[in-house]
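These notes are about the structure you will find just below.
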Amino acid sequence: MSGRVQDTVVVVTGAGRGIGAGIARGLAAEGAKVVVADLDSERAEATADSIAGALAVGVDVTDRGSVQRLIRRTVDEFGELNVIFNNAGVSRPERFLDITEASFERIMRVNALGVLIAMQEAARQFLAHGRGGKIVNTASIAARQGFPDFAHYCASKAGVVSFTQAAAREWAEHDITVNAFAPGVVDTPLWDDLDAVLAERDHKAPGEPIAEFSAGILRGRPATPDDIVPTALFLASRDSDYMTGQVIMIDGGMVLV
């Protein structure tokens, strides 16, 4: 029985673990041909090994040549590219007054510039084959509301929303849709890392910082990657063909916009 994205060629960046790995597995279960892309090649290989027919590619989304090679490998392996999930991202909590030029540039380079480059290179491929395509960006609740300790991360994700909207307008005539989803707290290694940094800095027990941050979730718990997959499937499938320039919140009701 065919799935909702049967034979759709999909690249997922940052797919070595967490949300990206969950999306890659969820799409593959519905018939997609998945490219698992990650800065950590070993993590990419490990995720791809758990997915029948998946291709693992190491990529640095901040390096245009690396992204171009990712697109080329995808097309060489599967014949085309239909969807890209720009999911790679980094975060590190810092008080507003402690943000340095270096930490700001690191987060903006990966989360904003990396998304811009991948959007551009995917769009160039879509335009070359002339059949349109879908771009899906990972935004965040942090794009909709500022949070203490995460000002530079919030700014980077606000940039993702702006790129999503601007590109949707510019590429609509070419049948390229551009959308985003905005997770809240997700039970992933990234959030474990953030919790560890905050717990050590603020002299709290492990798990306490994220529990406090999650207290306002109306659904009563953080998300898991599996909670993100249904929306990812929708955005990768023909079900979302009439939708572009939108940001879908998947945060359990933490931020209401």
Side-chain angles (χ1 to χ4, degrees), residues 2-16 19-39 41 44-45 47-48 51-89 113-138 160 163-164 166-168 170-181 229 231-245:
S2 296
R4 295 166 64 190
V5 288
Q6 186 68 37
D7 296 326
T8 300
V9 180
V10 185
V11 167
V12 186
T13 69
I19 291 173
I23 289 173
R25 294 188 183 102
L27 292 171
E30 290 281 338
K33 299 175 181 177
V34 175
V35 179
V36 177
D38 201 281
L39 181 63
S41 298
E45 291 282 359
T47 300
I51 301 171
L55 172 68
V57 180
V59 66
D60 178 353
V61 295
T62 71
D63 180 278
R64 189 175 297 276
S66 181
V67 175
Q68 289 172 338
R69 289 188 290 275
L70 165 64
I71 302 295
R72 196 175 307 122
R73 279 285 310 278
T74 299
V75 175
D76 287 347
E77 180 75 17
F78 295 118
E80 61 183 341
L81 171 67
N82 305 121
V83 182
I84 186 167
F85 280 82
N86 295 314
N87 174 73
L113 179 62
V115 169
L116 173 65
I117 290 172
M119 289 175 68
Q120 290 173 324
E121 296 307 322
R124 287 191 173 102
Q125 176 60 33
F126 295 152
L127 292 169
H129 68 49
R131 294 189 294 276
K134 292 176 179 287
I135 296 173
V136 185
N137 298 324
T138 301
V160 170
F163 288 149
T164 299
E170 186 159 341
W171 296 332
E173 65 180 294
H174 302 291
D175 198 26
I176 298 171
T177 63
V178 189
N179 292 291
F181 61 89
V229 170
T231 300
L233 277 168
F234 167 69
L235 292 173
S237 74
R238 296 198 63 182
D239 293 347
S240 63
D241 279 359
Y242 192 64
M243 183 177 185
T244 196

Q: Return yes if some donor-acceptor pair links the side-chain N/O of Asn137 with the main-chain N/O of Val115 below 3.5 Å, else return no.
A: no
Q.
Walk me through whether Leu235 and Met243 qualify under side chain to side chain contact (heavy atoms under 4.5 Å, CB included).
A. CA-CA 9 Å; Leu235 292 173; Met243 183 177 185; 4.3 Å; yes
Q. Between Thr164 and Gly245, is there a donor-acceptor pair closer than 3.5 Å when you use the side chain of the first and the backbone of the second?
A. no
Q. Asp38 and Ala44: which non-hydrogen atoms are nearest, and at how many Å?
A. CB-CB, 3.9 Å
Q: Please round to the nearest 0.5 Å and tell me the distance separating atom CG of Leu113 and atom CG of Asp63.
A: 10.0 Å
Q | Beyond-backbone contact of Asn82 with Lys134, side-chain heavy atoms, under 4.5 angstrom | A | no
Q) Taking C-beta and beyond as the side chain, do Val11 and Arg73 meet within less than 4.5 Å on heavy atoms? A) no
Q: Check whether any side-chain heavy atom of Val57 lies under 4.5 Å from a side-chain heavy atom of Thr74, and answer yes or no.
A: no
Q. Which pair of heavy atoms, one from Val10 and one from Ala32, lies closest together, and at what distance?
A. CG2-CB, 4.1 Å
(Q) As an exercise, state the distance from OG1 of Thr231 to CG of Asn179, rounded to the nearest 0.5 Å. (A) 11.5 Å
Q. In Å, rounded to the nearest 0.5 Å, how long is the span from CD1 of Ile51 to CG of Leu27?
A. 8.5 Å
Q. Of the non-hydrogen atoms in Asp175 and Arg131, which two are nearest, and what is the gap between them?
A. OD2-O, 4.1 Å
Q.
Show the nearest heavy-atom pair for residues Ser41 and Gly58, with the distance to one decimal.
A. OG-CA, 3.6 Å
Q | Worked check of side chain to side chain contact (heavy atoms under 4.5 Å, CB included) between Arg64 and Gln120 | A | CA-CA 10 Å; Arg64 189 175 297 276; Gln120 290 173 324; 2.7 Å; yes
**Q.** Criterion side chain to side chain contact (heavy atoms under 4.5 Å, CB included) on Val5 and Leu233, from CA distance to verdict
**A.** CA-CA 7 Å; Val5 288; Leu233 277 168; 4.1 Å; yes
Q. Got a second to check how far Arg72's CZ is from Leu70's CG, nearest 0.5 Å?
A. 10.0 Å
Q.
Going by side-chain contact (heavy atoms from CB on, under 4.5 Å), Phe78 matches just one of Val34, Val35, Thr8. Which one?
A. Val35
Q. Got a donor-acceptor contact below 3.5 angstrom from the Thr244 side chain to the Ala168 backbone?
A. no
Q) Quick check: does any side chain N or O of Thr47 sit under 3.5 Å from a backbone N or O of Gly16, one acting as donor and the other as acceptor? A) yes
**Q.** Ile135 side chain reached by Asn86 side chain, heavy atoms, under 4.5 Å
**A.** yes
Q | Taking every non-hydrogen atom, the tightest pair across Ala167 and Met119 | A | CB-CE, 3.4 Å
**Q.** Point-to-point distance, once rounded to the nearest 0.5 Å, from CD of Glu121 to CG of Leu116
**A.** 9.5 Å
**Q.** Heavy-atom donor-acceptor pair, Ser240 side chain to Phe234 backbone, under 3.5 Å
**A.** yes
**Q.** Minimum heavy-atom distance Ile19-Asn87, with the two atoms named
**A.** CG2-OD1, 3.7 Å
Q.
For a 4.5 angstrom cut-off between non-hydrogen side-chain atoms, does Phe85 reach Thr138?
A. no
(Q) Looking at His129 and Leu81, would you say the former's side chain and the latter's main chain have a donor-acceptor pair under 3.5 Å? (A) yes
Q | Spacing of Glu45 atom CD and Leu55 atom CG [to the nearest 0.5 Å] | A | 8.5 Å
Q | Greater than 12 external heavy atoms within 6.0 Å of Arg124's CZ | A | yes
(Q) Tell me whether Gln125 contacts the main-chain N or O of Ala122 through its side chain, where contact means a donor paired with an acceptor under 3.5 Å. (A) no
